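Here is the structure we will look at, set down as structure tokens.
For the numbers below, each heavy atom of this structure counts, side chains included, while hydrogens, waters and symmetry mates do not. Convention: sequence-line order gives letters A, B, ...; per-chain numbering from 1. For clarity, every value in this text was computed on a predicted model and none was experimentally measured.
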2 protein chains.
Amino acid sequence: MSDLLERLRGRGWRLTSQRRVVAEVLDGEHVHLTADEVHARAVQRLPEISRATVYNTLGELVGLGEILEVATDGRAKRYDPNAHQAHQHLVCSGCGAIRDVHPQGDPLAALPAAERFGFVLSGAEITYRGLCPDCTTNAVP
Amino acid sequence: MSDLLERLRGRGWRLTSQRRVVAEVLDGEHVHLTADEVHARAVQRLPEISRATVYNTLGELVGLGEILEVATDGRAKRYDPNAHQAHQHLVCSGCGAIRDVHPQGDPLAALPAAERFGFVLSGAEITYRGLCPDCTTNAVP
DNA sequence: TGTTGACTTAGACAAAGTCCAAGTTAGGAT
DNA sequence: ATCCTAACTTGGACTTTGTCTAAGTCAACA
């Protein structure tokens, strides 16, 4: 993560304690936190940090390509620190758990030219849906 | 669309003017409207229809599998009347335009067992991203 | 044509996120 | 080491999107 802080310095970022704390929270937990969850964890380390700063910092990190925004449901966006390795997401329809997964092949290859409507494609996001082992076991009929 | 209204009657729906109007709006425009856009169009035909009823009706139609909820950004959900044919979405990163597309093959096939973590998969949603012809032409450097 | 439970309404409420003016501060300049 | 200043942070108001509720209305059956 000191990598990240160095990269940000190199891009002209002022390295404030708030930004450091947000970066540390994202690095510490390799899960997909909402902005409010990031804020809650940041407050543990820096009680006076504001919601606005967390939102600002997350937005900046997304803009720099250091983290990814993930919207797997219509609720709060989640932030994925694993931005430097291509991956997709597997979401449990029961409990909402999210896992990073790595499908084979290039997803863009499945879209024939006739289905591209003149668009210049830049990427594809895949959300696999299913029930995790826990929710399968405790499934309701 | 009278098909749809008949199907809904068959499921015990009371056929109110409000529900009829919401169904007509979705049928009339084969685009991906937000709830507020559906409400705005519904108001043209039935001025006193309320936001709550539009939300209720959209939720019911989703529950019945007659329309799909699409969340391609972190903003408002969009509603897709094309629920009876499997398809994915192609979204313009410039203007937000959405098109239905039909990739080849089964998207689930690309996810090897080792990457399924014991989940029982039920489906996959793919969002292809790119620039539409208009936004490519008028692209800013 | 009456009855009744399902449906609709307006508005309050909630969650997620944005914006702003005022105060603070990191880091280069002196 | 201290100063300066643009960049950053703050709290709170505000916006957008969506949910909930109590009271009123009405579609469909008898």
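Heavy atoms of Ala52(B) sit under 4.0 angstrom from at least one base atom. Nucleic acid contact for Arg9(B): sugar-phosphate only, since backbone atoms but no base atoms lie under 4.0 Å from a heavy atom of the residue.
For Glu48(A), taking side-chain heavy atoms from C-beta onward, the closest of the listed nucleotides dT10(D), dG17(C), dT8(C) is dT10(D).
Spacing between atom CZ of Arg78(B) and atom C1' of dT16(D) amounts to 13 Å, rounded to whole angstrom units. The nearest whole Å value for the distance from the CG atom in Leu33(B) to the P atom in dG18(D) is 13 Å. Here dC7(C) presents its P atom at 7 Å from CD of Glu60(B), a figure rounded to the nearest Å. The distance from atom CZ of Arg20(B) to atom C1' of dC26(D) is 13 Å, rounded to the nearest whole Å.
Residues Glu60(A) and Trp13(A) form a side-chain contact, since some pair of their non-hydrogen atoms from C-beta on lies under 4.5 Å apart. Side-chain contact between Ile67(A) and Leu58(A) is present, with heavy atoms from C-beta onward closer than 4.5 Å. Side-chain contact between Phe119(B) and Leu131(A): absent, with no pair of heavy atoms (C-beta onward) separated by less than 4.5 Å.
Judged by atom type and distance alone, Arg51(A) does not reach the base of dG11(D) through any side-chain donor-acceptor pair under 3.5 Å. Side-chain atoms of Arg14(A) come within donor-acceptor range of the base of dA7(D), with a qualifying N/O pair under 3.5 Å.
The residues Glu37(A) and Arg78(A) are annotated as salt-bridged, a charged nitrogen and a carboxylate oxygen being separated by less than 4.0 angstrom. With respect to Glu6(B) and Arg11(B), no salt bridge is recorded, no charged nitrogen being found less than 4.0 Å from a carboxylate O.
Between Arg75(B) and Thr53(B), the one whose closest nucleotide on DNA chain C sits nearer the 5' end is Thr53(B). Place Asp36(B) and Ser17(B) on DNA chain D by their nearest nucleotides, and Asp36(B) ends up nearer the 5' end.
Regarding contacts with the backbone of dT19(D), every side-chain N or O of Tyr55(B) stays at 4.0 angstrom or more from both OP1 and OP2. Between Gln18(A) and dT25(C) there is no side-chain N or O to OP1 or OP2 distance below 4.0 Å. One finds a side-chain N or O of Thr16(B) lying less than 4.0 angstrom from the OP1 or OP2 phosphate oxygen of dT8(C).
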